[in-house]
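In what follows, a single structure is set out as structure tokens and then discussed.
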Amino acid sequence: MEILTYAFFITFLAMTFRMATPVLLGTLGEAFAERSGVLNLGIEGTMLMGASTGFIVTYFIGDLWLGIFAAAFIGMAMGLLMAFLSVTLGAQQHVAGLGITFLGTGLSFFLYRLFVAPAGGVPPTIVPFRPIEIPGLSGIPVLGPTIFTQPALVYLALILVPIVGFIFYRTTLGLNLTAVGQNPKAADTAGINVFRTRYLCLLIAGALAGIAGAWFSMAQSSQFLPGMTMGRGWVCVALVIFANWSPYRILGGALLFGGIDALQTTFAALGVAFPYRILQMFPYIFTIVILVAVARRATYPAALLQPYRREG
Amino acid sequence: GTGVYIATRPAAPIEPAAIKIGFPISTVIEEPWIGAIYTALVRAENELGITFDWSDDIGYADLPAVIREWATEYDIVITDSFGCEEAARIAARDFPDTQFVFGSGLGPVEPNVAVFDDWIHEPAYISGMIAGKLTETNIIGVVGGVPVPEVNRLINAFKAGALETNPDVKMKIVFLGEWFNPPIAKEKALAQIEAGADVMYAERYGVHEAALEKLATEDKAIPLFGNLLDQYELAPALVVTGPVWDMWPTVNYVIESHIQRDGESFAMDLAEWTMARKGGSKLAPWHDWETRLDSRIVAKMQAEDIINMVETRWAKILDGTFRVDIDEAVPVSD
Amino acid sequence: MVRRSPVVIKMVGITKKFPGVIANNKINFDVRKGEIHALLGENGAGKTTLMNILYGLYRPDAGEIYIRGKKVTIRSPNDAIGHKVGMIHQHFTLVPPFTVTQNIILGLKFPKGVLKVGLAEKRVTELSEKYGLKVEPRAQVWQLSVGEQQRVEILKALYRGAEILILDEPTSVLTPGEVRDMFKTLRSLAKAGTSTVFISHKLDEVMEISDKVTVLRDGKFVATKKTSTTNKRELARLMVKREVIFRLKKPKAKLGKPALETKKVSALSDRKLLALKEISLSVREGEILGVAGVAGNGQRELAEVIAGIRKATGGKVIVKGKDMTNRSPSEIVEAGVGRIPEDRIDMGLIMDLSVKENLVMETLRDFSDHAVLFFPKGVFLNHSAIDKYADKLISEFKVITPSRDAPSKTLSGGNLQRLILARVLTRNPKILVASEPTRGLDVGATEYIRRKLLEQKKRGAAILLISEDLEEILTLSDRIAVMYEGRIMGIVPARKAKIEKIGLMMAGTPLNKIGR
Amino acid sequence: MRFPLKNLSRGLKAKLPKLKVEKRPYPSLRTKILWPVLSILIALGIGAILIAAAGVNPLTGYYHLFHGALGDAHAISETLWRFTPLLLTGTAVALAFRCKFWNIGVEGQMLTGATVATFFGVSFIGTSSWLLIPLVIISGFLAGALWAVIPAILKAKFKVDEVVTTLLGNWIILYFVAYLVEGPWRNPTSLWPESPAIAGSAVFPRLVPLYRVHIGFIIAIFFAILFFIILRKTVWGFQIKATGANPRAASFMGIKVTRVLITVAILSGGIAGIAGVSELCGTHFHMKGLGFFGGTGELSWGYGYAGIFIAMLGGLNAIGVPVAAFFMAVMIQGSRAMYRATGVPSPFYYAMQGTILVCLLLGIFLTYYRIRKVKG
Ligand SMILES: Nc1ncnc2c1ncn2[C@@H]1O[C@H](COP(=O)(O)OP(=O)(O)OP(=O)(O)O)[C@@H](O)[C@H]1O
Ligand SMILES: Nc1ncnc2c1ncn2[C@@H]1O[C@H](COP(=O)(O)OP(=O)(O)OP(=O)(O)O)[C@@H](O)[C@H]1O
Ligand SMILES: [Mg+2]
Ligand SMILES: [Mg+2]
């Protein structure tokens with residue numbers, strides 16, 4: 001089998017970026033949540049809500065960006081719920097997050113059934129995001145057909161990396177939210193509204209997770225199916241630790257994960273004789289290995305998992 | 001339990017309108033295999049006046065219990081029992097007066113379990129023949145669901161058909177390992193297209209989208225072959241045809257037998273009713289192919305005189321002079 | 001000058017209730033411009049609460065606040081900062097992984113929300129030079145000493161243009177030398193017009209630095225005095241409403257064999273830095289060895305190594321002649337060591353468990369000594385024995401609790417400490433390691449606990465007393481060891497101990513370098 | 001000129017009563033029962049909206065729900081049959097959560113247990129039930145325990161967050177199981193990917209002929225009682241509670257927290273493994289591959305995740321967990337019956353599960369905090 005060819009390499013590289021995109025979006029969002037001290041295990045359910053809402057809106061209105069907007073919006077609604085549970089009520093973050101995921105998993109399918117009734121024939125589809133060539137850049141060898149010929153959401157995810165980096169390291173918001181996640185009492189004393197900051201971060205996390213979910217139904221395919229995010233939300237939870245909560249490392253982690261995923265997908269598609277089920281295990285095993293490797297160096301936000309409540 | 005067995009036979013023959021069919025299914029109604037049965041039941045409802053209820057997403061763990069529940073309420077219970085063959089049969093045994101029709105890989109059971117499956121390898125073979133003619137790179141891609149016999153025999157038949165018309169064809173075959181994963185199916189199809197496949201057999205959803213994307217962005221026209229249902233709507237410019245499963249003859253036959261036997265149950269393998277000769281399997285309709293399909297595909301089809309080839313061969317299949325072999329081994333890429 | 005300057009803060013009739021206590025009861029409190037105003041009172045008198053209200057951390061249940069003559073509502077620290085009020089908490093509110101500058105600009109507005117770190121660093125340097133608050137703007141806060149961290153806190157307030165500075169027990173974490181430096185800073189700030197509220201229990205300091213003193217007792221306002229017209233004795237009486245026993249009588253005890261020895265013990269801190277450097281100590285039966293020093297100089301690590309919850313990286317811990325280095329906590333308890341940890345709430349007790357469960361925690365084996373069915377000893381708990389035991393201890397140590405089954409978190413601070421004492425002392429330990437046994441407790445509880453410690457000594461226990469409270473060390477110990485940066489600076493008999501000498505040692509001068 | 005929105009909102013705020021959250025130091029038993037029950041009622045109310053959205057009268061819907069779960073012997077048997085794995089996974093999770101070992105991997109541990117049990121169940125055909133049933137149970141226990149103890153060791157030794165490792169473990173074993181049943185273990189006589197049937201002597205006997213409740217039910221009850229005894233009566237249970245409440249303090253007071261963590265992981269994973277065995281030997285009789293949507297195993301069907309919900313709903317409490325598991329069994333069985341009777345889409349149950357959990361968190365909050373109106 002012609003593995004080590006230029007064409008294969010291009011296919012693999014281009015797919016890497018696509019496989020990385022939802023994980024990148026979700027993990028960037030998770031970084032917001034966790035940096036502010038909230039572990040958001042609701043990301044998988046939020047993604048599914050994004051996938052279903054984005055699809056439904058696009059299906060009826062026919063505008064992709066409106067669909068993305070709706071996915072982000074529903075993601076924010078899920079983030080709001082998460083914030084209400086974990087910030088206002090101070091519930092166990094693990095449990096609140098799992099609750100959100102349960103809810104999102106069920107509700108996404110429920111809504112789809114409600115609005116897009118099953119016909120028993122071919123499933124309804126939309127015209128999804130298609131690759132866009134960036135003028136001038138798409139001609140560059142290797143990079144052109146891989147990075148610069150992708151659906152808009154890939155560009156969105158990539159552009160978000162430096163933007164998020166800028167927010168985290170160069171703005172008051174970034175300083176504030178990091179402080180809130182490290183020492184909420186100190187942040188409060190310094191005049192930062194801990195609650196508002198955490199709400200904001202969870203809203204951002206929700207919006208990004210919603211868009212990440214929409215990727216599956218609106219770019220990587222053209223239909224919605226229950227559970228179609230395939231556990232990518234959980235991967236985000238692992239990657240953010242791997243990346244030490246830094247957006248640039250998140251990019252690296254997402255590409256690494258996407259790369260492994262793409263490698264197993266391309267191998268399988270080209271008929272390389274290796275049990276594909278074993279290949280499917282790789283990204284998860286790999287993530288655990290990486291976690292073990294970085295665990296001692298991981299500098300968790302000190303207030304992660306701790307609800308903040310002002311006494312008195 | 002079904003209550004008391006009534007020994008006296010009703011004087012009047014059974015009215016179709018009095019027949020209640022239950023259709024509980026383990027998977028979801030969106031699944032194309034289920035969709036084919038559903039479509040036939042809707043037709044039976046419209047044309048014969050039977051009533052039917054369906055319920056999906058039951059799962060194989062629950063299906064036997066649901067079979068028990070539905071057995072007392074319905075005259076005929078149609079279901080898919082692949083994942084719980086034994087348990088489903090044990091459940092059916094307790095209700096000898098209810099007619100069961102299982103989508104199953106195993107045989108029928110006296111007195112009341114009839115079985116069916118999608119035996120659409122014949123149109124799959126023909127589709128393969130077309131594909132063999134249409135490919136220029138001599139590479140055909142296949143994205144399949146799970147390598148189970150009913151999938152394997154389609155892909156193998158498709159491959160045999162392609163090899164007949166084009167002995168140089170190489171097949172790239174990949175399985176998703178799932179029945180539903182359009183995003184990954186699309187990526188796998190894209191990888192095959194990048195690796196030279198210029199004709200695709202879309203056993204599963206997602207492949208259409210890959211081809212549509214290639215058409216939209218690179219103006220590449222990749223002929224597609226659907227599966228199970230008439231899928232031309234998914235990509236009118238690209239879906240040439242594909243094996244289609246028509247459950248109507250089977251459903252019709254089961255209802256007729258039920259009436260003829262005065263409601264007494266029977267056991268048989270309904271396989272022949274899903275094959276070409278009884279109209280249970282066919283090629284998806286052409287739907288004005290000359291206008292809807294991409295002009296390049298049309299040109300190629302006209303040049304190769306595809307329609308003629310298909311019609312000749314189909315006639316041979318119908319009159320029994322051509323047989324498509326059934327090969328259920330897991331197909332592998334060349 | 002003081003009298004003429006205008007009132008900048010006026011708090012009238014402030015009341016604040018917490019479940020079970022009235023922390024502030026109709027308190028009136030005024031501060032003038034440029035004044036250093038001490039706020040004095042026992043533990044729990046309500047000083048911190050009153051200032052937290054001024055700083056917007058708590059909302060008062062009743063009362064009014066006027067700043068510079070205008071009535072204000074302070075909903076949050078942000079509002080307080082807007083009124084140019086700055087507060088330095090007793091427990092610092094810094095973000096450890098941030099740099100000094102990042103901590104200082106935290107919460108400030110920047111144009112378009114984009115940080116200008118370089119500019120901020122320059123201003124920090126200017127300010128720190130102006131007021132003699134030496135810090136490195138780019139250092140990460142977790143690497144700083146406690147004194148430096150306090151300077152960061154003060155700079156933080158000044159950077160925000162604070163004209164009213166609240167310092168909650170600022171000196172409790174400082175060496176005598178650092179205290180002097182800080183007073184210098186406070187005076188220069190006052191000269192520049194900054195008003196300071198200075199909270200302390202320490203009468204000497206109050207007399208030295210303040211212009212005025214307000215005394216609180218049990219959440220109520222007692223009096224405001226001009227410092228120049230009052231004295232220590234009067235203030236002490238106002239604080240506690242009775243004559244204070246400044247010294248307990250130390251009982252004589254027969255000195256026995258060395259019971260607890262450390263030989264060149266070294267250990268790492270949580271941050272993996274060397275926190276203990278070859279500590280050698282020896283405590284004899286019937287003796288209290290006090291360990292003095294400013295917090296964070298290795299006292300905690302020392303107690304934890306002996307208690308068996310921190311690994312010694314070198315050296316030996318010897319208990320009654322037996323090497324017990326790096327043994328498990330249960331083995332160490334078994335060997336007769338009683339441990340009163342510094343952190344009652346997070347270490348000494350499990351707040352979610354009941355009073356009785358906390359009482360038997362260290363001796364589960366004694367309460368599982370019966371076989372049930374075919375299960376051997378040590379599997380099932382003997383609940384009736386536990387109940388009896390708990391009732392006995394509760395009455396013996398006068399622990400006030402709704403019931404033996406009440407969660408410990410419902411107990412007051414003093415009772416929590418009694419609970420620990422009951423658990424530890426009832427076993428008559430041969431050796432006792434007590435860290436900050438009276439921290440945060442009021443006079444009654446403090447006296448009770450100190451008496452108990454002296455009783456144990458009389459009984460013949462060897463006691464290692466670790467405390468930041470120098471007065472406590474002087475009151476109880478027979479010998480005093482001073483720790484600085486993980487080393488023992490020297491050991492002196494309590495009788496001969498001079499405060500100045502100990503102060504020098506606390507600031508890092510070894511005993512042998514101190515002249516007579 | 002700017003619209004004085006700020007003033008407007010200030011003015012509004014002044015008009016509205018101010019609310020204050022305060023802790024109830026001692027919630028009474030009444031409060032402790034009232035709020036969870038009330039929150040479930042609220043959840044059922046939201047559920048009614050979902051049912052109505054599907055065009056069904058909520059009362060009819062709920063009638064079918066409860067009738068379908070408890071209406072006759074068959075329904076009760078089905079509910080108890082479903083209760084069996086739910087009680088096991090709920091207990092497994094509750095035990096782990098009690099010592100703050102956040103075991104999200106019960107789903108995977110179930111599969112591991114079932115996988116190893118399949119190996120023995122298929123290999124030892126012809127062995128007597130008296131030998132084979134204990135063998136599959138013990139082997140399933142050990143396998144589940146192994147799958148849980150790895151994250152526990154990683155947590156203890158390398159400080160790797162167990163939430164993530166247990167979760168990823170679910171996916172690893174899921175694909176491994178798929179590999180086995182599609183490849184080396186594939187049943188040659190079955191068309192669907194599954195292992196050969198386990199020996200008849202490994203099949204869990206039914207409690208009542210024709211009804212699906214099997215001895216797994218007894219085993220589940222056994223572990224629920226064991227959980228109760230451990231927590232209330234044993235030294236180990238005491239250590240688990242102490243470690244969960246404050247590991248630092250527990251270790252200070254001589255409890256070997258690492259040992260407690262590891263042993264808890266073993267029992268938790270073991271019980272989860274038995275849940276898998278029970279599903280294998282009581283329900284499926286073949287090891288199954290991926291579920292239809294690929295996210296869970298056909299055999300475990302999300303019971304492991306439901307266990308988390310049950311443990312929380314039951315307050316991690318030895319009495320609450322069985323009650324919650326039963327409630328859950330009724331909800332699943334009933335909502336499926338309702339769907340079949342009325343056509344309310346089947347995902348209703350999942351949406352309901354999330355809704356209940358969310359409402360329950362609110363209920364827990366209101367148990368321990370009170371919201372009071374304050375003046376001025
Ligand atoms: N957040 C709180 N919740 C409940 N009670 C509190 C809280 N803060 C303080 N209290 C109680 O209010 C009273 C006054 O406490 P406060 O902290 O103001 O005293 P203080 O004068 O600062 O004492 P110390 O000298 O120990 O610092 C005490 O009885 C204390 O237990
Ligand atoms: N949330 C709370 N609930 C009940 N009591 C509290 C609470 N917070 C503080 N306290 C009590 O209020 C008193 C004062 O608390 P504070 O935080 O000022 O510590 P402190 O006693 O001043 O500490 P230190 O001994 O270091 O001076 C202590 O007795 C403490 O136990
Ligand atoms: Mg105080
Ligand atoms: Mg104090």
Measuring heavy-atom distances to chain B, does A/Ala219 have an atom under 4.5 Å in its side chain, in its backbone, in both, or in neither?
backbone
As an exercise: rank B/Asp56, B/Val143, B/Ile37, B/Leu190 by heavy-atom pairs under 4.5 Å with chain A and give me the winner.
B/Asp56
Close side-chain approach of A/Met230 to B/Glu178, heavy-atom, < 4.5 Å:
yes
Under 4.5 Å from any heavy atom of chain A, what part of B/Glu233 do you find: side chain, backbone, both or neither?
side chain
Test: A/Arg113 and B/Glu30 ion pair at under 4.0 Å:
yes
Minimal non-hydrogen separation, B/Lys186 against A/Gln220, with atom names
CD-O, 2.9 Å
Minimal non-hydrogen separation, B/Pro183 against A/Phe216, with atom names:
CG-O, 3.9 Å
Crowded around B/Phe52 CZ? As in, over 12 foreign heavy atoms under 6.0 Å?
yes
Name the member of A/Pro151, A/Ser221, A/Ala14 that forms the most heavy-atom pairs with chain B at distances under 4.5 Å.
A/Ser221
State the CD1-CE distance between B/Ile184 and A/Met19, to the nearest 0.5 angstrom.
3.5 Å
Can you name the nearest heavy-atom pair linking B/Leu229 to A/Val122, along with the distance?
CD1-N, 3.9 Å
Measuring heavy-atom distances to chain B, does A/Thr125 have an atom under 4.5 Å in its side chain, in its backbone, in both, or in neither?
side chain
What pair of heavy atoms forms the shortest contact from B/Ala191 to A/Thr11, and how long is it?
CA-CG2, 3.7 Å
So does B/Lys214 have more than 12 non-hydrogen atoms from other groups sitting under 6.0 Å from NZ?
yes
State, yes or no, whether a side-chain contact exists between A/Leu225 and B/Tyr205 at a heavy-atom distance under 4.5 Å.
no
Under 4.5 Å from any heavy atom of chain A - which part of B/Leu176
backbone
